Amino acid sequence: MPELATPAKTMDIIKKHNFFLQKKYGQNFLVDGNILEKIVTAAKINENDYVLEIGPGIGTMTACLAKYAKKVICIEIDKKLIPILEETLSEYDNIIIKNEDILKVDINRLIKDDCNGCQIKVVANLPYYITTPIIMSLFEQSIPIQSITVMVQKEVAERIKTGPGTKDYGALSLAVKYYADPEIIMTVPPTCFIPKPAVSSAVIQLKKHPKPPVSVADENLLFAIIRAAFNQRRKTLANALSNAENISFKRNDVIIALQKMSINEAVRGEALTLLQFAELTNLLSKDNAN
Ligand code: SAM
């Protein structure tokens, strides 16, 4: 059983260091050893693995990861947690602690320097206020990632997993499916954290595709079209794309492309699959090239 993952031990450490939990950093520390073991088991960490942990907190998950991994690199934004981590993790010689903002750090550089350029596994209990930017930046920076196993808000996990025609379906679901295969591992109640978050949580695993499941000539255009479609999700797709800020398609061109795909011109973006968005992107980028 991981030693730090109990309410009593966590409170001891917080009090001993006179540490004040920061809501602005999404600090909800995991205090349930069984959940922690299940996360590390789901991530299938072994002695050859380089692991990136985002937001180690007081080191509860870090210590558990370090027992199985070759090396754990953890990135923590709150400098007041660094002396605590140095103490709680002092018995491990395979952990690197960095006081950085995960959204600003150059992860590719870090992998070259600290992981011999090897593929990494990302494991974390994410700060919920920046879940989407973290996941998107991990994918968009073309980092050599094998898998991402993270605790997120339950609602976000459902949004990632869902398909067309549901109210949760959106740009995040499509972007994640472009890069990875998502699986919800388990749901986790608020009682497993200190302090208890207002929402339920879930552990989601994203196994990166060796190559995207659809092929597009212009990846940036695909994501611009997806974002535009869901920014104005109550509008028809043709209206949403012809009114979008950063792309400029004529409404009629979108309608012609939809007709070529045998899709009704009154369709909304929320009805299209990733494959259909890819096909539309290729038709519209061809139009642009003409
Ligand atoms: N891993 C610990 C656990 O499971 O108990 C803590 C998880 S807590 C939900 C999120 C952690 O992310 C906090 O330690 C917080 O300070 C850190 N954090 C928040 N924003 C961050 C950022 N931009 N970069 C790196 N760490 C961040």
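Just so it is clear, the model here is predicted, and its values are computed rather than measured. When a ligand or atom number is given, it counts from 1 through the structure's own listing order.
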I'd like a table of the close N/O pairs between ligand 1 and the protein (anything under 3.5 Å), one pair per line with both atom names and the distance.
| from | atom 1 | to | atom 2 | distance (Å) |
| --- | --- | --- | --- | --- |
| ligand 1 | 1 (N) | Glu53 | OE2 | 3.4 |
| ligand 1 | 1 (N) | Gly55 | O | 2.8 |
| ligand 1 | 1 (N) | Pro56 | O | 3.4 |
| ligand 1 | 4 (O) | Asn125 | ND2 | 2.9 |
| ligand 1 | 5 (O) | Leu30 | N | 2.8 |
| ligand 1 | 14 (O) | Gly57 | N | 3.3 |
| ligand 1 | 14 (O) | Glu76 | OE1 | 2.7 |
| ligand 1 | 16 (O) | Gln27 | NE2 | 2.9 |
| ligand 1 | 16 (O) | Glu76 | OE2 | 2.6 |
| ligand 1 | 20 (N) | Tyr129 | OH | 2.8 |
| ligand 1 | 23 (N) | Asp101 | OD1 | 2.8 |
| ligand 1 | 24 (N) | Ile102 | N | 3.0 |
| ligand 1 | 26 (N) | Ile77 | N | 3.3 |

Pair Phe223-Tyr178, ring pair (Phe, Tyr, Trp, His ring centres under 6.0 Å): steps then yes or no: CA-CA 10 Å; Phe223 287 110; Tyr178 181 77; 5.3 Å; yes
Considering only distance and modelled atom types, tabulate donor-acceptor pairs under 3.5 Å from the side chains of residues 188-203, sequence neighbours left out.
| from | atom 1 | to | atom 2 | distance (Å) |
| --- | --- | --- | --- | --- |
| Ser201 | OG | Tyr128 | OH | 2.6 |

Salt bridge (Lys or Arg N to Asp or Glu O under 4.0 Å) between Lys104 and Glu100, worked out: CA-CA 7 Å; Lys104 295 195 181 136; Glu100 306 259 12; over 6 Å; no
Leu283 with Ile255, same ILVMFWY side-chain cluster at under 4.5 Å: no
Hey, can you pull the donor-acceptor pairs under 3.5 Å for the side chains in residues 71-87, sequence neighbours left out?
| from | atom 1 | to | atom 2 | distance (Å) |
| --- | --- | --- | --- | --- |
| Lys71 | NZ | Asp114 | O | 2.8 |
| Glu76 | OE1 | Gly57 | N | 3.1 |
| Glu76 | OE2 | Asp78 | N | 3.0 |
| Asp78 | OD1 | Lys80 | N | 3.0 |
| Asp78 | OD2 | Gln27 | NE2 | 2.9 |
| Glu87 | OE1 | Lys16 | NZ | 3.3 |
| Glu87 | OE1 | His17 | NE2 | 3.3 |
| Glu87 | OE2 | Lys16 | NZ | 2.5 |

Per-pair distances, 0.1 Å, donor-acceptor, side chain in residues 270-277, under 3.5 Å, sequence neighbours excluded:
| from | atom 1 | to | atom 2 | distance (Å) |
| --- | --- | --- | --- | --- |
| Glu270 | OE1 | Arg233 | NE | 3.3 |
| Glu270 | OE1 | Arg233 | NH2 | 3.2 |
| Thr273 | OG1 | Leu275 | N | 3.4 |
| Thr273 | OG1 | Gln276 | N | 3.1 |
| Thr273 | OG1 | Gln276 | OE1 | 3.4 |
| Gln276 | OE1 | Thr273 | N | 3.0 |

